[in-house]
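See below for the structure under consideration.
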Amino acid sequence: MLEVRDLTARYGASQALFGVDLTVAEGQAVALMGRNGMGKTTTVKAICRIIPSQGTLTLEGKDLHRLPSFRVARLGVGLVPEGRRCFRDLTVRENLLATARPGDWTLQSVTALFPRLGERAGQRAASLSGGEQQMLAIGRALMTNPRLLILDEATEGLAPIIRQEIWAAIARLRQETGMAILLIDKSIRELAQVSDRAVIVERGQTVWQGAMSDLTPEITERFVGV
Amino acid sequence: MIGERWINLAVPLALLAVPLYALMADEPFTITLATRATILALAAVGLNIALGIGGLVSLGHAVFFGLGGYAMGILAFHAQNYSPLEIGPLTFAGTKSMPVIWLVAVIVSAMAALLIGALSLRTSGVYFIMITLAFGQMFYYFAISWSAYGGEDGLSIYVRNGFPGLNTLVPIQFFAVCFVVLCLALALNAMLRASPFGLALNAARQVPQRVETVGLNPMRLKLMAFVISGAITGLAGALFADLNRFVSPSMFSWQLSGELIILIVIGGVGRLMGPVVGACLFVALEHWLGGLTDFWHVWLGVVLLGIVLFARGGVVGLLTGKAGPHV
């Protein structure tokens with residue numbers, strides 16, 4: 001489905017990616033791992049065409065390099081960005097409706113996945129807790145009816161009980177929809193539970209990729225530092 | 001604090017009450033003042049779509065106001081002189097019919113907004129302000145040198161244009177026409193802001209980069225908003241020209257663009273009734289303070305300073321207790 005090969009990217013004069021390789025097959029969940037500052041978020045930004053990049057970047061054979069960011073999203077790439085960034089002045093309901101595209105995901109199905117969003121439908125996004133904002137960011141991405149969902153640090157900085165709730169929702173997404181997911185997170189235990197494969201980047205390069213079951217403690221200690 | 005729904009209901013009713021009282025008290029000039037406030041409110045309702053929802057600080061909205069005015073002036077000029085209007089190989093007759101003039105004003109303003117927006121929206125921030133200002137000045141100086149239609153002196157239209165079934169020269173009847181148009185524009189504005197388009201435009205104002213990653217094209221959203229905004233302001237220009245029965249290049253002036261922004265800021269940026277409250281206050285201050293001193297703009301400046309420093313939600317924000325500049 002998503003194929004990334006030898007991806008390079010730079011922020012002005014400073015090069016951030018030196019050759020990232022990763023693939024996400026239909027219905028597969030892939031964990032993108034690595035220490036802080038190694039290029040995980042930059043890879044996601046390049047996939048979503050938020051920053052320019054070079055190399056192979058295709059979604060179902062279509063070259064994403066030729067497309068602006070909004071076209072990539074319309075092709076079916078839904079991003080839950082690091083830091084949530086909900087539309088603060090809009091209510092929960094309006095946040096979800098603003099991004100809605102035709103498909104199975106509707107206001108009802110999103111609020112069924114995250115009942116808290118249903119309870120706070122009329123509340124402004126700015127007044128939600130961090131965890132609720134994160135749920136809203138995931139719901140907003142789902143409302144675009146993506147075929148590939150990218151979650152960038154979806155549980156970062158959240159209370160353990162909220163993290164559990166979000167991981168449970170991700171597991172439900174996997175079981176019930178079979179949606180392809182690319183995950184970035186620091187919780188290796190939870191990543192291992194929901195992911196089929198793992199890709200590890202270090203200094204802007206893919207240094208390991210394989211089945212989650214092949215990811216040994218030695219590899220994670222060496223490349224992820226855990 | 002008062003709920004915004006009550007304000008949305010009370011403000012048009014209050015605006016309607018003023019000329020009705022003036023009619024009973026036999027004060028036709030007050031009706032004309034209320035009509036002026038209504039038309040300025042309509043122009044600002046148009047600008048508020050771009051500025052309030054879309055966050056586009058256009059310092060060139062007088063272009064659309066002026067185009068609406070000149071659409072009225074030119075069509076009525078040819079009608080009153082019984083001379084044909086020739087555009088290239090095409091020949092049109094002038095008209096004194098308000099609905100036809102409005103249609104032309106809306107189409108011309110929308111087309112101009114499409115062109116100006118397509119170029120200006122490639123920029124943002126201070127560059128957007130400057131480029132819209134530049135377009136405004138271009139139109140202003142063009143109108144000054146357009147001697148066929150009065151140049152600097154402008155065009156006088158001797159008889160107000162007609163509306164089927166009404167005598168528009170009767171102040172209360174012309175007010176009624178303007179008031180209904182304003183109410184329709186407010187209804188359109190309310191529907192727009194609650195529609196997926198309005199929500200997406202609002203989102204594009206708040207986090208432009210993020211809307212792209214959810215599949216929305218911020219450029220297209222803003223351009224559509226700019227076109228709708230320009231069309232409504234153009235319609236207000238046609239009515240304003242009819243109110244004064246006079247069109248001049250000052251309708252294109254950057255001061256007028258600035259005044260439209262000022263009255264939105266006074267009323268409340270992004271609030272449905274912000275432009276109406278702002279326009280009413282502006283006209284009231286212009287009338288009362290203008291009668292006391294020639295330097296009434298200084299006092300308007302003081303009001304504006306107070307609002308910008310202490311009440312960023314404008315008068316509507318003060319009344320509702322929601323201090324933010326946007327809803």
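Letters A, B, ... mirror the listed sequences (proteins, then strands); counts begin at 1.
- Nearest heavy atom pair, residue Gly215(B) against residue Ala73(A), reads N-CB, 3.2 Å.
- Residues Asn217(B) and Arg74(A) form a side-chain contact, since some pair of their non-hydrogen atoms from C-beta on lies under 4.5 Å apart.
- Summarising the local packing, CZ of Arg88(A) is surrounded by 12 or fewer heavy atoms from other residues, nucleotides or ligands at distances under 6.0 Å.
- Counting heavy-atom neighbours within 6.0 Å of Lys45(A) NZ, excluding the residue itself, gives a total of 12 or less.
- Rounded to the nearest 0.5 Å, atoms CG (Leu90(A)) and CZ (Arg193(B)) are 11.5 Å apart.
- Using a 4.5 Å cut-off between heavy atoms, Arg49(A) makes no contact with chain B at all.
- For CZ of Arg93(A), the number of neighbouring non-hydrogen atoms (other residues, nucleotides, ligands) closer than 6.0 Å is 12 at most.
- Counting heavy-atom pairs closer than 4.5 Å to chain B, the top-ranked of the candidates Thr99(A), Leu75(A), Val72(A) is Thr99(A).
- The number of heavy-atom neighbours closer than 6.0 Å to OH of Tyr127(B), taken from other residues, nucleotides and ligands shown, is 12 or below.
- Between Phe87(A) and Leu199(B), the closest side-chain pair of non-hydrogen atoms is not below 4.5 Å.
- Taking CD1 of Ile53(B) as the start and CG of Asp89(A) as the end, the distance is 12.0 Å to the nearest 0.5 Å.
- For the pair Glu212(B) and Leu79(A), the minimum side-chain heavy-atom distance is 4.5 Å or more.
- For the atom pair CD of Gln206(B) and CG of Asn95(A), the computed distance is 7.5 Å after rounding to the nearest 0.5 Å.
- Between chain A and the options Ala203(B), Gly198(B), Ala200(B), heavy-atom pairs under 4.5 Å are most frequent for Ala203(B).
- In terms of non-hydrogen atom pairs under 4.5 Å with chain B, the most contact-rich of Cys86(A), Pro81(A), Gly78(A) is Pro81(A).
- One finds the CG atom of Asn202(B) at 7.5 Å from the CD atom of Glu94(A) (value rounded to the nearest 0.5 Å).
- Annotation: side chain of Thr213(B) is in contact with side chain of Ser69(A) (closest heavy-atom distance under 4.5 Å).
- Counting heavy-atom neighbours within 6.0 Å of Asp63(A) CG, excluding the residue itself, gives a total above 12.
- Other residues, nucleotides and ligands place more than 12 heavy atoms under 6.0 Å from the CE atom of Met1(A).
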